[in-house]
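Positions are given from 1 along the sequence.
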Amino acid sequence: MNSLFDVKLVDRQFYQEKLQPFLPPRMIDIHTHVWLDRHRVHTEGPVRTESWPSRVARENPIEDLIETYRLLLPEQKVTPLIFSNISPGDDAPAMNDYVRRAAQDHRLPALVFALPEWSGERLEQEILAGGFYGCKVYLSLAAAYIPAGEIRIFDFLPPHQLETLNKHGWIAMLHIPRDGRLKDPVNLAQMLEIEERYPNVKLIIAHVGRAYCEEDVGNAFEILSRASRMMFDFSANCNETVFRQLIRAVGPKRILFGSDMPILRMRTRRICEAGRYVNLVPRGLYGPVDGDSHMREVDSPEADRLTFFLYEELDAFRRAAGACGLNAADIEDIFYNNAKKLLDTAGKG
């Protein structure tokens, strides 16, 4: 047993047999969170996000993130793009400053976690002063009076901030809102508007637009066929069918590996039921889950076969890549070269 989590024989076999031969030696993880719990306020507010990720890690200091890669990807050199994990009421300046210091100390790229009330000038100052490559934005920071199901992208990534990002050619890491996920027409319209009105913004759609089940896709990629620049990371997504649709729609040059650490340390297997994802977890490992529709406990022997969320994500992408005929060069692009190019050109206008 180590300080973070146990790596079992089932995990080592899964990695060695399925993942180690598939993954390139260098990887860039474009989607990771680091934060300290002492900067959280844990205030009561409108419920806009799922609660289960908080069961995996109360905090994720940079040392834990580095140790996680050592344990889970021992044959790969992984460089993470780091950003914070801010909720309403948290000490946002302290959380962003921790990311800035962690990035400087470990020579890592980072994004500032932007608040929607910031002016374009404030966003510019924060990015320049912190040496950030752009910003991460999140729906829960939209004005509290907006019902969760009605939040739009521009409610937490406003046009004046997009103008600043466009001016400098900076990254915007976007977790889209709304119950319809990727297929939601408002999301699709605003994603295309960003692509068309702000051509220098390096837009990353996180989690394949939260399309965790086939029903989340709809005709999104047909509509998005007008787009030629926006990138998609597949963090915290395990759906092979969705991955195949993504690969066929946008090709290997616009896909990025992301993990969404630390929640990918979770021991789980994800299934879809009637268009809704469910995380199967060992009984008792993450506390009582009866009230969470996205969580279900299982017992031995099924529980004994569960491995890490990260491994399930990577294996699903491996299967999709094989089905779509991707070659070794394509895999290296997706797991390293695409992100390297993105980071190298961020801030170049």
### Query
Quick one: NZ on Lys136 to CG on Leu141, what's the gap to the nearest 0.5 Å?
9.0 Å

### Query
Is there any side-chain hydrogen bond (donor to acceptor under 3.5 Å, both in side chains) pair reaching into residues 303-312, and which pairs are they, with sequence neighbours excluded?
Asp11-Thr307, Ser300-Asp304

### Derivation and outcome, salt bridge (charged side-chain N to carboxylate O under 4.0 Å, His left out), residues Lys167 and Glu163
CA-CA 6 Å; Lys167 171 185 170 184; Glu163 290 171 5; over 6 Å; no

#### Entry: Gap between atom CG of Leu23 and atom CD1 of Ile331 - 0.5 Å precision
9.0 Å

### Message
Less than 4.5 Å apart, side chain to side chain, heavy atoms only: is that true for Met191 and Ile153?
### Response
yes

### Query
Does some side-chain heavy atom of Leu81 sit less than 4.5 Å from a side-chain heavy atom of Leu343?
yes

### Task
Using atom types as modelled and distance alone, determine if a side-chain donor or acceptor of Gln20 lies under 3.5 Å from a backbone N or O of Tyr15.
no

### Query
Do Leu71 and Arg265 have side chains that get closer than 4.5 Å, going by heavy atoms?
no

### Task
Report yes or no: does Glu297 contribute a side-chain atom to a donor-acceptor pair with the main-chain N or O of Arg283 at less than 3.5 Å?
no

### Task
Output yes when a side-chain donor or acceptor of Gln245 lies under 3.5 Å from a complementary backbone atom of Val217, and no otherwise.
no

### Query
Could Arg267 and Phe309 be counted as a cation-pi pair, given that NZ or CZ must be under 6.0 Å from the ring centre and within 45° of the axis?
no

### Query
What closest approach, in Å, do Thr32 and Tyr69 show between heavy atoms, and which atom pair accounts for it?
CG2-OH, 3.2 Å

### Task
Please report the C-alpha distance between Asp344 and Lys341 in whole Å, then the side-chain angles of each, then the deciding distance to 0.1 Å, and finally whether the salt bridge (charged side-chain N to carboxylate O under 4.0 Å, His left out) criterion is met.
CA-CA 5 Å; Asp344 284 349; Lys341 181 179 179 181; over 6 Å; no

### Query
Within the distance-only criterion (no hydrogens, no angle test), does the side chain of Asn96 pair as donor or acceptor with the backbone N or O of Pro93 below 3.5 angstrom?
no

### Message
Within the 4.5 Å heavy-atom criterion, are Val289 and Arg296 side-chain neighbours or not?
### Response
no

### Task
Check the hydrophobic clustering (I, L, V, M, F, W, Y; side-chain heavy atoms under 4.5 Å; chains of links allowed) and say if Val201 and Ile255 are grouped together.
yes

### Task
Please step through side-chain contact (heavy atoms from CB on, under 4.5 Å) for the pair Leu162 and Arg197, ending with a clear verdict.
CA-CA 9 Å; Leu162 284 162; Arg197 290 187 59 190; over 6 Å; no

### Task
Tell me, with the steps shown, if Ile194 and Phe154 meet side-chain contact (heavy atoms from CB on, under 4.5 Å).
CA-CA 10 Å; Ile194 293 172; Phe154 293 153; 3.7 Å; yes

#### Entry: pair Val298-Val281: side-chain heavy atoms closer than 4.5 Å
no

### Message
Count I, L, V, M, F, W, Y as connected when their side-chain heavy atoms are under 4.5 Å apart, and connections chain through other members. Are Leu157 and Ile146 then in the same cluster?
### Response
yes

### Message
Are the side chains of Met27 and Thr79 in contact, using a 4.5 Å heavy-atom criterion?
### Response
no

### Message
Give me the atom names and distance for the closest heavy-atom approach of Ala323 to Arg248.
### Response
O-NH2, 3.7 Å

### Summary
Tightest non-hydrogen contact, residues Tyr98 and Pro61, listed as OH-CA, 3.3 Å

### Message
Angle between ring planes, Phe22 versus Phe317, binned at 30° and 60°: parallel, tilted or perpendicular?
### Response
tilted

### Query
Between the main-chain N or O of Met295 and the side-chain N or O of Asn279, is there a donor-acceptor pair closer than 3.5 Å?
no

### Query
Do Ile82 and Ile127 belong to the same hydrophobic cluster, where Ile, Leu, Val, Met, Phe, Trp and Tyr are linked whenever their side-chain heavy atoms lie under 4.5 Å apart, directly or via other members?
yes

### Query
Which pair of heavy atoms, one from Gly258 and one from Asp29, lies closest together, and at what distance?
CA-OD1, 3.3 Å

### Task
Would you sort out whether Glu273 and Arg276 count as a salt bridge (charged side-chain N to carboxylate O under 4.0 Å, His left out), showing the intermediate values?
CA-CA 5 Å; Glu273 292 180 342; Arg276 188 176 185 84; over 6 Å; no

#### Entry: Ring center gap for Phe308 and Phe5 short of 6.0 angstrom
yes

### Message
So that I know where these two stand, are Phe234 and His207 an aromatic pair - ring centroids less than 6.0 Å apart?
### Response
no

### Query
Is a side-chain donor-acceptor pair under 3.5 Å present for Asp260 with His33?
yes

### Message
Check whether Tyr212 forms a cation-pi arrangement with Arg270 (NZ or CZ under 6.0 Å from the six-membered ring centre, at most 45° off the ring normal).
### Response
yes

### Query
Just how far is it from atom CD1 of Ile247 to atom CG of Leu326, taken to the nearest 0.5 Å?
4.5 Å

### Message
Determine whether a donor-acceptor pair (N or O, by modelled atom type, separation under 3.5 Å) exists between the side chain of Asp330 and the backbone of Asn327.
### Response
yes

### Message
As an exercise, state the distance from CD of Gln104 to CZ of Arg101, rounded to the nearest 0.5 Å.
### Response
9.5 Å

#### Entry: hydrophobic_cluster_shared for Leu256 and Ile176, side chain cutoff 4.5 Å
no

### Task
Given side-chain contact (heavy atoms from CB on, under 4.5 Å), test Val99 with Phe113 step by step and report yes or no.
CA-CA 9 Å; Val99 170; Phe113 212 108; over 6 Å; no

### Query
Nearest 0.5 Å, what's the CZ-CD1 distance between Phe232 and Ile205?
6.0 Å

#### Entry: Residues Tyr198, Gln161; criterion side-chain contact (heavy atoms from CB on, under 4.5 Å); working and verdict
CA-CA 11 Å; Tyr198 310 101; Gln161 292 187 0; over 6 Å; no

### Query
Between Asp233 and Ser235, is there a donor-acceptor pair closer than 3.5 Å when you use the side chain of the first and the backbone of the second?
yes

#### Entry: Asp216 (side chain) donor-acceptor with Gly180 (main chain) under 3.5 angstrom
no

### Query
Do Ile62 and Leu108 have side chains that get closer than 4.5 Å, going by heavy atoms?
yes

### Query
Any sub-3.5 Å donor-acceptor pair from Glu302's side-chain atoms to Leu280's backbone N or O?
no

### Query
Ignoring hydrogens and geometry, is there a side-chain-to-backbone donor-acceptor pair from Arg40 to Arg58 under 3.5 Å?
no

### Query
Do Leu182 and Phe221 touch side chain to side chain, with heavy atoms closer than 4.5 Å?
yes

### Message
Show the nearest heavy-atom pair for residues Ala110 and Ala103, with the distance to one decimal.
### Response
CB-CB, 3.8 Å

### Summary
Taken to the nearest 0.5 Å, the spacing of Leu188 CG from Arg226 CZ works out to 10.0 Å

### Query
Between Tyr133 and Val112, is there a shared hydrophobic cluster once you connect ILVMFWY residues whose side-chain heavy atoms come closer than 4.5 Å?
no

### Message
On a heavy-atom basis, which atom in Ala220 and which in Lys183 lie closest, and how many Å separate them?
### Response
CB-CA, 4.3 Å

